[in-house]
Participant: 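Before we start, here is the structure in question, set down as structure tokens.
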Amino acid sequence: GVELSFSPGRIDPTNTAFSASRKPLVGEFLFNGQKLFVIGNHFNSKSADQPLWGRFQPPTRTTEMSRTQQALAVNLFVSHLRNLDSNVNVVVLGDINDFEFSPVMTVLKGDDLTNLHDTLPPGERYSYVFEGNSQSLDHILVSNNLAASTLYDPVHASAEFAANVQVSDHDPDVALLSLPTAANFNGSSKSVNTANAYASDLLTYTLTLSNSGETAATYMLTDVLPAGVTLVSGGGLSGSTSLTGTGTLAANTQATFVVVVQVSGSFTSTFTLSNTATLLGDGQTRTLTAPGVVVQPRRYFFPLVSKQT
């Protein structure tokens with residue numbers, strides 16, 4: 001799966017967008033068997049911009065370009081994660097120093113992130129009060145796959161109060177994420193219909209793929225038939241000697257493949273037939289081994305007939 005070379009680590013540390021500025025940090029966490037990448041940010045201040053209600057209208061936002069470049073760097077990093085794993089869990093948060101409707105936030109969101117501020121009623125979209133103007137400068141964004149199951153609230157514990165009683169000039173933002181357990185194929189198995197067989201017999205192998213996790217996963221199943229058997233039916237798998245199958249296994253579901261083979265009739269001594277399959281998809285390589293089948297050669301008995309004289 002996707003992993004960081006350093007955790008925590010800096011994002012694009014040589015990017016000139018962060019010269020003389022705070023560098024974003026990304027950390028990799030594990031919860032419920034799922035990875036979560038959290039990116040902390042503090043973009044350039046708006047202090048050099050002209051005031052919102054000043055004599056110049058519309059005000060010139062000289063600092064917006066630098067924040068846009070910073071937002072682009074973070075957005076490209078998130079896009080890279082999503083290209084490696086379309087279901088990756090990402091949180092981007094911090095003091096972005098810009099409004100939810102700004103070009104900076106549009107660049108930061110791109111196509112991969114949802115700004116949780118946008119899920120609030122308009123009257124609740126603020127975490128900072130400046131010269132009587134309620135603003136949203138602090139944001140929590142999540143990858144789109146997390147948006148529907150995430151609860152969010154800016155806790156108005158500071159911004160609305162007088163400076164002498166404020167804990168901070170910014171309100172804290174709180175998000176509650178629901179991370180379902182990761183896909184788990186541990187219960188998958190392979191069985192065979194008999195423990196003993198004769199040359200030329202048919203054997204039925206049943207491969208059961210089981211996902212006990214709360215997350216769907218794409219699987220790849222490979223079953224290389226052992227020497228001495230020929231395929232009769234692949235049960236939905238492709239191939240003749242190396243059988244393969246791919247698909248998506250939904251959460252808490254199973255998929256079954258029934259493979260029928262015929263034992264060669266040319267054996268002259270007893271041996272044990274072994275058969276294994278390989279399953280990929282939940283972040284592990286699993287070997288599914290069926291019980292061995294003892295195969296005996298067929299013996300034909302003919303009655304002795306004595307000739308009467």
Side-chain angles (χ1 to χ4, degrees), residues 7-8 10-11 18 21-32 34 36-54 59 61 63-64 66-68 70-71 74-75 78 89-110 112-180:
S7 179
R10 291 180 175 177
I11 293 176
F18 302 109
S21 178
R22 294 152 293 225
K23 280 72 173 172
L25 286 177
V26 57
E28 179 181 329
F29 303 89
L30 188 66
F31 180 78
N32 263 354
Q34 292 217 60
L36 177 68
F37 297 90
V38 179
I39 305 170
N41 306 274
H42 194 168
F43 286 3
N44 282 351
S45 172
K46 294 175 66 70
S47 59
D49 291 354
Q50 292 178 346
L52 289 177
W53 308 111
R61 302 185 298 272
T63 65
E64 187 173 275
S66 65
R67 286 192 302 279
T68 301
Q70 293 174 339
V74 175
N75 169 269
V78 173
N89 302 310
V90 182
V91 175
V92 176
L93 77 171
D95 183 356
I96 307 302
N97 266 317
D98 229 321
F99 311 131
E100 71 271 21
F101 49 80
S102 68
V104 172
M105 290 304 302
T106 299
V107 171
L108 183 59
K109 287 190 298 184
D112 298 310
L113 297 171
T114 297
N115 186 6
L116 297 178
H117 236 67
D118 296 341
T119 66
L120 297 174
E124 289 294 316
R125 298 178 188 176
Y126 67 94
S127 61
Y128 183 73
V129 177
F130 180 71
E131 297 181 347
N133 185 47
S134 297
Q135 305 172 345
S136 56
L137 302 180
D138 310 282
H139 301 273
I140 300 180
L141 301 89
V142 297
S143 48
N144 295 332
N145 57 304
L146 294 176
S149 60
T150 298
L151 301 178
Y152 171 71
D153 189 29
V155 182
H156 302 309
S158 289
E160 297 177 341
F161 296 88
N164 63 326
V165 296
Q166 286 181 337
V167 177
S168 168
D169 56 344
H170 291 250
D171 283 333
D173 288 7
V174 178
L176 178 63
L177 279 68
S178 176
L179 291 180

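These values consider heavy atoms only, across backbone and side chains, with no hydrogens, waters or symmetry-generated copies.
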Participant: Please round to the nearest 0.5 Å and tell me the distance separating atom CG of N75 and atom CD1 of I39.
Facilitator: 10.0 Å

Participant: Within a 6.0 Å radius of atom CZ on R10, are there more than 12 heavy atoms belonging to other residues, nucleotides or ligands?
Facilitator: no

Participant: Closest heavy-atom contact between D169 and Y128?
Facilitator: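 It is O-CD1, 3.0 Å.
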
Participant: For residues S21 and Q70, report the shortest heavy-atom separation together with the two atoms involved.
Facilitator: OG-NE2, 3.0 Å

Participant: Establish, from distance only, whether the side-chain atoms of N97 and N44 form a donor-acceptor pair under 3.5 Å.
Facilitator: no

Participant: Do the side chains of D171 and V155 get nearer than 4.5 Å, heavy atoms only?
Facilitator: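 In short, these two side chains do not touch, never coming nearer than 4.5 Å.
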
Participant: Closest approach of R125 and D118, non-hydrogen atoms and distance?
Facilitator: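 So the minimum-distance heavy-atom pair works out to NH2-O, 3.2 Å.
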
Participant: Assign the ring pair H117 / H139 to parallel, tilted or perpendicular, where the plane angle (0 to 90°) is split at 30° and 60°.
Facilitator: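 Correct class here is perpendicular.
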
Participant: For the residue pair D112 and V90, establish whether any side-chain heavy-atom pair is separated by less than 4.5 Å.
Facilitator: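 Heavy-atom side-chain distance check fails, nothing below 4.5 Å.
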
Participant: What distance separates N144 CG from K109 NZ, expressed to the nearest 0.5 Å?
Facilitator: 10.0 Å

Participant: Among side-chain atoms of S143 and N89, is any donor-acceptor pair under 3.5 angstrom?
Facilitator: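 Checked: S143/N89 side chains show no N/O donor-acceptor pair below 3.5 Å.
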
Participant: Applying side chain to side chain contact (heavy atoms under 4.5 Å, CB included) between I140 and each of D173, I96, V174, L177, report the one that passes.
Facilitator: D173

Participant: With sequence neighbours left out, write down each residue that passes salt bridge (Lys or Arg N to Asp or Glu O under 4.0 Å) with K23, or none if nothing qualifies.
Facilitator: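 Partners of K23 by the salt bridge (Lys or Arg N to Asp or Glu O under 4.0 Å) criterion come out as none, since no residue qualifies.
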
Participant: Working to the nearest 0.5 Å, report the span between CG of D138 and NE2 of H42.
Facilitator: 8.0 Å

Participant: Measure the spacing between CZ of F101 and OG1 of T106 and express it to the nearest 0.5 Å.
Facilitator: 10.5 Å

Participant: Would you check if P154 and L120 make a side-chain contact, meaning some heavy-atom pair closer than 4.5 Å?
Facilitator: yes

Participant: At their closest point, which heavy atom of V104 faces which heavy atom of A71, and how far apart are they?
Facilitator: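 Heavy atoms of V104 and A71 come nearest at O-CB, 3.6 Å.
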
Participant: Answer yes or no: is there a side-chain heavy-atom contact under 4.5 Å between F99 and Q135?
Facilitator: yes

Participant: Using modelled atom types and a 3.5 Å cut-off, is there a donor and acceptor pairing between side-chain atoms of S168 and backbone atoms of H170?
Facilitator: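 Checking the backbone N and O of H170 against the side chain of S168, a donor-acceptor pair under 3.5 Å is found.
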
Participant: Please list, chain by chain and in numerical order, all residues satisfying salt bridge (Lys or Arg N to Asp or Glu O under 4.0 Å) with D98, sequence neighbours excluded.
Facilitator: K46, R67

Participant: Where the side chain of S7 meets the backbone of E28, is there a donor-acceptor pair that is under 3.5 Å apart?
Facilitator: yes

Participant: Answer yes or no: is there a donor N or O on one side and an acceptor on the other, between the side chain of N41 and the main chain of L93, under 3.5 Å?
Facilitator: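 Between the backbone of L93 and the side chain of N41 there is a qualifying donor-acceptor contact (under 3.5 Å).
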
Participant: Rounded to the nearest 0.5 Å, what's the gap from CD on E124 to OG on S134? Could you check?
Facilitator: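 Here the interatomic distance stands at 10.0 Å.
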
Participant: Kindly give the heavy-atom pair with the smallest separation between L36 and L146, and that separation in Å.
Facilitator: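 Smallest heavy-atom distance, with atoms named: CD1-CD1, 4.3 Å.
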
Participant: Give a yes or no answer on whether the side chain of T119 reaches the backbone of N115 with a donor-acceptor pair at less than 3.5 Å.
Facilitator: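 No: the side chain of T119 does not pair with the backbone of N115.
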
Participant: Looking only at heavy atoms, what is the nearest atom pair of F37 and V26, with distance?
Facilitator: CB-CG2, 4.5 Å

Participant: What's the verdict on side chain to side chain contact (heavy atoms under 4.5 Å, CB included) for F43 and V74, showing C-alpha distance, side-chain angles and the deciding distance?
Facilitator: CA-CA 11 Å; F43 286 3; V74 175; 4.1 Å; yes

